[in-house]
Structure formats: C-alpha cells, structure tokens
Amino acid sequence: MSSRCDVYFIPDNSYAKQLLERLINYLKDRNLMARGISTDYSKPANRCSSEMYNYINAAVDKCRYIVILVDSESESPESVKKHILEKHVRDLNVDLSRIKIVVATPCLEEWLCELIALRDSKLERCRGDTCDDFISVIRGVLGDVYEKKMLSSLFMKHFSGEVVEKCSDRAYKHSLPSSLCELLELLRRPPH
C-alpha cells in the first residue's frame, strides 16, 4: 500500500480489481473523476477470509475511505454487508462512514449485461437470479465467447460517459444496476 491514499479498494476477485483499475483510468482520462484522487488496491480477498480483515485494518490509518467490492452470490446485499461489517469491521476503531461496501447482485456480470443491453436494441433487460443466468445472456449476445477473464475489457467496450450521466439522472438511474451507480457516485464524489 502506498503511504497515503484517498480511496482503498478491496475487491473480492482479480476480475473485479482489473475492472476497477480500468474504470478509474477511464474516468480520470475524461475528467469524470478528479485526477488528484489517489487510489490503491488490495489483493483480491474473499469476504469470508481473514485477509479481508487484514486489508481493512491496514488501510484504516492510511486512507480516507475504503471501498469493498463484492458479489452477492445469491445472498441479499444487506446480508452480505452485515456479514462483512460483523466479521471484518466490528472490532476496528473506525468511523463506519469511511467504509463503503458495494455489492454486485448477483455478480459483476449483471453490470456487463446491462451495459450490453443499453447498446443492443435486440436485447431486452437482463434477467436472472444467478451469475450463470447473466453469463448465459451475455454468451447469447456475444456468441458463446464470454469467459470471466474478459469482464473488464468487455465492460469498458460498452461503458461510456453516457452511463455516468444516466446514473446521475433520476429518470434513467433505475435502468442500470444500483450497485454500479453507487460505485460511480463514490468515484466521482468521494465522501469528505
């Protein structure tokens, strides 16, 4: 971890980390996020592992706030957040407003699916309860070529400043995954 950072990310897998890095670069390059905001990343940490606690504990004194990005994996987002707070944060002496937990429901592939739906008029809204459901929709559109390692490149291919604007516009906000809009809002306007 660098000596001081504004935002410290703890992703639950390597694909989430790649996506965060590419998304932040995109936002900074287009002045949709302040270039001066410094970011750092932990290694991927499963929400049930002790590594997540260690990463949070290490970042508490060195970063303004911590963003944990996890998949819900069929649990409710509230349950996932409660688990993380009880297992990894409860024993730390930290202002909880500095810790943001963004839960992709059921997984980051929902975000990709919804971005593809914005661009592909043949695709109706993405639907599903499991990550496999969303992956099936993505493969149907892309011709069975999707693999998880393609997440960040395909996400960025379909992402645009228009998505950022839609997340800020109440009329469109409901058409995008709320967790994606929550993350974009955190990146664009970090809490003070």
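All residue numbers in this chain count up from 1 along the given sequence. Note that these values count all heavy atoms, side chains included, but never hydrogens, waters or copies made by symmetry. Note that this is a predicted model, so its numbers are computed, not measured.
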- Query: Got more than 12 heavy atoms from elsewhere within 6.0 Å of CG, N31?
  - Reply: yes

- Answer with yes or no after comparing the ring centroid distance for Y8 and Y41 against a 6.0 Å cut-off, counting only values under it. no

- Query: Given L142 and L154, is the side chain to side chain contact (heavy atoms under 4.5 Å, CB included) satisfied, shown in steps?
  - Reply: CA-CA 10 Å; L142 301 178; L154 286 171; 3.6 Å; yes

- Query: Does a side-chain heavy-atom distance below 4.5 Å link P11 with L20?
  - Reply: yes

- Looking at W111 and F155, what are the two nearest heavy atoms and their distance? CB-CE1, 3.9 Å

- Task: Grab the two heavy atoms, one from K28 and one from I37, that are nearest each other, plus how far apart they are.
- Result: NZ-O, 2.5 Å

- Flag the pair E78 and K82 as a salt bridge only when some basic side-chain nitrogen lies within less than 4.0 angstrom of an acidic carboxylate oxygen. no

- Message: Does this structure show an ion pair linking E109 with K148, if we count only N-O contacts that are shorter than 4.0 Å?
- Response: yes

- Message: F9 vs I66, test: side chain to side chain contact (heavy atoms under 4.5 Å, CB included). Steps then yes/no.
- Response: CA-CA 6 Å; F9 292 98; I66 299 163; over 6 Å; no

- Message: Would you compute the distance between atom CD1 of I84 and atom CD1 of I99 and round it to the nearest 0.5 angstrom?
- Response: 10.0 Å

- Item | Considering all heavy atoms, the nearest R98-Y65 contact | O-CB, 3.0 Å

- Item | Straight-line distance of I135 CD1 to C131 SG, nearest 0.5 Å | 4.0 Å

- Can you name the closest pair of heavy atoms from L108 and D71 and give their distance? N-OD1, 3.3 Å

- Heavy-atom side-chain proximity of L85 to I101 below 4.5 angstrom: yes

- Is a donor on one side and an acceptor on the other found under 3.5 Å between the side chain of R188 and the backbone of M33? no

- Can you check whether D132's main-chain N or O pairs, donor with acceptor, with S136's side chain at less than 3.5 Å? yes

- Item | NZ or CZ of R22 within 45° of Y26 ring axis and under 6.0 Å | no

- Would a distance-only check, ignoring hydrogens and angles, find a side-chain to backbone donor-acceptor pair under 3.5 Å from S42 to Y55? no

- Query: Is the closest side-chain heavy-atom distance between L183 and L23 below 4.5 Å?
  - Reply: yes

- Could R47 and D12 be called an ion pair, given the rule that one side-chain N must be under 4.0 Å from one carboxylate O? no

- Are the side chains of Y53 and L92 in touch, meaning some heavy atoms are under 4.5 Å apart? yes

- Query: Tell me, do F134 and P106 make a side-chain contact under 4.5 Å, heavy atoms counted?
  - Reply: yes

- Least distance between heavy atoms, L176 atom then C181 atom: CB-SG, 3.9 Å

- Note on the structure: So NZ of K17 and CD1 of I10: to nearest 0.5 Å the spacing works out to 11.5 Å

- Answer yes or no: is there a side-chain heavy-atom contact under 4.5 Å between S179 and V103? no

- Message: For the residue pair D95 / S97, report whether a side-chain donor-acceptor contact shorter than 3.5 Å exists.
- Response: yes

- Item | Pairwise distance OG(S14) to CG(L19) - rounded to 0.5 angstrom | 11.5 Å

- Result of checking D29, V7, T39 against I24 for side-chain contact (heavy atoms from CB on, under 4.5 Å): T39

- Atom pair CD/OG of E185 and S168 - distance to nearest 0.5 Å: 5.5 Å

- List the steps and the verdict of side chain to side chain contact (heavy atoms under 4.5 Å, CB included) for S160 and V163. CA-CA 5 Å; S160 68; V163 174; 4.1 Å; yes

- Message: Show the nearest heavy-atom pair for residues D129 and S74, with the distance to one decimal.
- Response: O-OG, 4.0 Å

- Task: Mind running side chain to side chain contact (heavy atoms under 4.5 Å, CB included) on K87 and S50 for me, showing each step along the way?
- Result: CA-CA 9 Å; K87 181 171 176 127; S50 60; over 6 Å; no

- Query: Can you check whether E165's main-chain N or O pairs, donor with acceptor, with D169's side chain at less than 3.5 Å?
  - Reply: no

- Distance (rounded to the nearest 0.5 Å) between M52 CE and I68 CD1: 5.5 Å

